[in-house]
Amino acid sequence: MRTEVEVAPESLFGPDNLPYGVFAPTGEGPRVGVRLGEHVIDLAVLLDDSVFAEPSLNAFLAQGPVRWRTVRDRIRAAVDGELDHAAVHRLSDVVLRLPVRVGDYVDFYASIDHATNLGRLFRPDGDPLLPNWRHLPVGYHGRAGTVVVSGTDVARPCGQRGTDSGAPDFGPSRRLDIEAELGFVIGVGSRLGVPVEIDEFADRVFGVALVNDWSARDIQAWEYQPLGPFLGKSFATSISPWITPLAALESARIPLPEQSPAPLPYLLGTEHWGLDIELTVTWNGQPVTYPPYSRMYWSPAQMLAHLTANGASTRTGDLYASGTISGPEPGQRGSFIELSWGGSRPVSVNDQQRTFLEDGDAVTITASAPGPGSARIGLGEVTGRILPAHPR
């Protein structure tokens, strides 16, 4: 049997998008597909290729950019006509899984607006930006084992919290927060000892995914000096089930904002890798902020070049994220510590005054970007709900 997939004209998931994910039909094992409208297309069936019968995208991503382009061209040609009925699944009938096996996870701090806001909160009498910030993409190595797919509940983390007495106590975080971010997925890894050149970005990175890097601000504030984030960040990082290939974002590419002083030569490339992506954060169903990725100071190409500048290797499926995406206006802040200004300015959420996350709260991040012509494409969503801390 053959069938034609109808896509509504206003859909953000038309044939110019085709994000990749891993799905499982009822009673069957996971495999790779692409999203088309409100359907998922099984690529193992559509293309008769066993690499897409795998439970992750890793094997396909490792095949490299020539293969990525060839497959995308074949899919685009196929979806213009009728498809094998066995390849077509309604999105509502499948379970979406973690799209890649994440070997390593790095989180950056690449938004000048976010870094400035936090600097003003934490160092009100000093320069908001530390001396190194305009010279390199600041980042830290996170915990790959707690990267979870959208829809996974997140238990409130416990840890040491600072107190007015100067001695810590231990308990559930009272200042649980989000970080609205964009993640980048490595397709072709690099060898140990060999840095990735900045203009190799599109040959190494397959695509992007929405990320919510949950953050326990009170735990983080006590523990992060002098070595940086640890338990306050490692408990959960949520990722969208859909990875949008870089090829779908050609119309979204823009120059970076001015970088001053000029970066060192290894961070200077010939291609524009700013991205015009607009995010929306909803808190218990209410939109509360609209972070613009176009304001990011450091590009993903610069992040990758710096990540490997010391010879650190990368592997297929590795994930690195932008850090919180924020803009200059109050309604563009990508974390609740900024939105509530450290808890001093409550936010109205469904007629309730809120600062940080409470048990039962749900947060969803969505995003879209310019596509060909006047169309827009969607980056899916990443959502999570807060559960009470586990009893001890």
Side-chain angles (χ1 to χ4, degrees), residues 19-26 28-33 35 40 54-58 91-107 142-159 172-173 176-185 207-217 219-220 229 231-244 279-285 317-324 334-336 356-367 378-391:
Y20 290 76
V22 170
F23 73 102
T26 302
E28 299 183 43
R31 74 285 304 273
V32 175
R35 181 171 176 178
V40 182
E54 298 287 327
S56 80
L57 278 159
N58 290 53
L91 186 60
S92 58
D93 292 340
V94 304
V95 175
L96 299 176
R97 302 290 187 87
L98 193 67
V100 292
R101 295 191 309 276
V102 181
D104 282 303
Y105 169 55
V106 172
D107 192 33
R143 185 174 177 84
T146 50
V147 176
V148 297
V149 72
S150 173
T152 303
D153 292 337
V154 175
R156 182 176 297 274
C158 292
S173 172
L176 187 56
D177 199 358
I178 69 156
E179 292 190 346
E181 306 191 19
L182 196 63
F184 301 89
V185 179
V208 306
L210 290 174
V211 169
N212 182 354
D213 196 27
W214 307 88
S215 182
R217 300 295 181 185
I219 296 172
Q220 182 181 0
L231 299 185
K233 303 287 291 184
S234 63
F235 60 96
T237 299
S238 298
I239 184 174
S240 163
W242 299 111
I243 299 176
T244 303
L279 287 76
T280 299
V281 178
T282 63
W283 192 347
N284 293 341
D318 283 0
L319 173 69
Y320 67 95
S322 61
T324 303
S335 65
F336 295 159
F356 294 94
L357 292 164
E358 298 182 9
D359 292 348
D361 282 358
V363 175
T364 298
I365 303 168
T366 57
L379 277 72
E381 68 175 37
V382 57
T383 189
R385 181 170 63 95
I386 302 303
L387 300 183
H390 289 291

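We're numbering straight along the sequence, starting at 1.
Here the shortest heavy-atom pairing between Ser240 and Ser150 reads CA-CB, 4.3 Å. Of all heavy-atom pairs between Asp318 and Asp104, the closest is OD1-N, 3.0 Å. In plain terms, the two heavy atoms of Val22 and Pro99 that are nearest each other are CG2-O, 3.5 Å. Across all non-hydrogen atoms, the minimal contact from Pro30 to Pro55 is CG-CB, 3.7 Å. When all heavy atoms are compared, the tightest approach of Thr244 to Gly378 is OG1-O, 4.0 Å. Among all heavy-atom pairs drawn from Val154 and Ser238, the shortest one is CG2-OG, 4.4 Å.
In this structure, Tyr320 has its ring center closer than 6.0 angstrom to the ring center of Phe184.
With sequence neighbours left out, Thr152 forms a side chain to side chain contact (heavy atoms under 4.5 Å, CB included) with Val148, Val149. In this structure, the salt bridge (charged side-chain N to carboxylate O under 4.0 Å, His left out) partners of Asp213, at least two apart in sequence or on a different chain, are Lys233. Annotation: side chain to side chain contact (heavy atoms under 4.5 Å, CB included) contacts of Asp359 (sequence neighbours excluded): Arg156, Ile386, Pro388. Asp177 meets the salt bridge (charged side-chain N to carboxylate O under 4.0 Å, His left out) test with Arg217; sequence neighbours excluded. Applying the side chain to side chain contact (heavy atoms under 4.5 Å, CB included) test to Arg143 and every residue at least two apart in sequence or in another chain returns Thr146, Ser234. Applying the side chain to side chain contact (heavy atoms under 4.5 Å, CB included) criterion to Ala155, with sequence neighbours excluded, gives His390.
In this structure the side chain of Leu279 reaches within 4.5 angstrom of the side chain of Leu210, judged on heavy atoms. Using a 4.5 Å cut-off on side-chain heavy atoms (C-beta onward), Leu319 and Val100 make no contact. Put simply, the side chain of Thr366 reaches to within 4.5 Å of the side chain of Thr364, judged on heavy atoms.
The OG atom of Ser215 sits 10.5 Å away from atom CD1 of Ile178, with the distance rounded to the nearest 0.5 Å. Atom-to-atom distance recorded for Arg385:CZ and Asn284:CG is 10.5 Å, nearest 0.5 angstrom. With rounding to the nearest 0.5 angstrom, the CD1 atom of Ile243 is 14.5 Å from the CZ atom of Arg35. Expressed to the nearest 0.5 Å, how far CG of Asn212 lies from OG1 of Thr383 amounts to 9.0 Å.
When each of Ile365, Val211, Asp107 is tested with Glu179 by the rule side chain to side chain contact (heavy atoms under 4.5 Å, CB included), just one qualifies, namely Asp107. Applying ring-ring contact (aromatic ring centres under 6.0 Å, His included) to Phe336 and the options Trp214, Phe356, Trp283 leaves one that passes, Trp283.
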> Can you list the steps and then say if Thr280 with Thr282 is a side-chain contact (heavy atoms from CB on, under 4.5 Å)?
Replying inline: CA-CA 7 Å; Thr280 299; Thr282 63; 4.2 Å; yes
> Which is it for Val40 and Trp242 under the side-chain contact (heavy atoms from CB on, under 4.5 Å) test, yes or no, and what are the steps along the way?
Replying inline: CA-CA 11 Å; Val40 182; Trp242 299 111; 3.9 Å; yes
> What's the verdict on side-chain contact (heavy atoms from CB on, under 4.5 Å) for Arg31 and Phe23, showing C-alpha distance, side-chain angles and the deciding distance?
Replying inline: CA-CA 6 Å; Arg31 74 285 304 273; Phe23 73 102; 3.4 Å; yes
> Are Phe235 and Leu176 close enough, and set up right, to give a side-chain contact (heavy atoms from CB on, under 4.5 Å), and what steps lead you there?
Replying inline: CA-CA 11 Å; Phe235 60 96; Leu176 187 56; 3.7 Å; yes
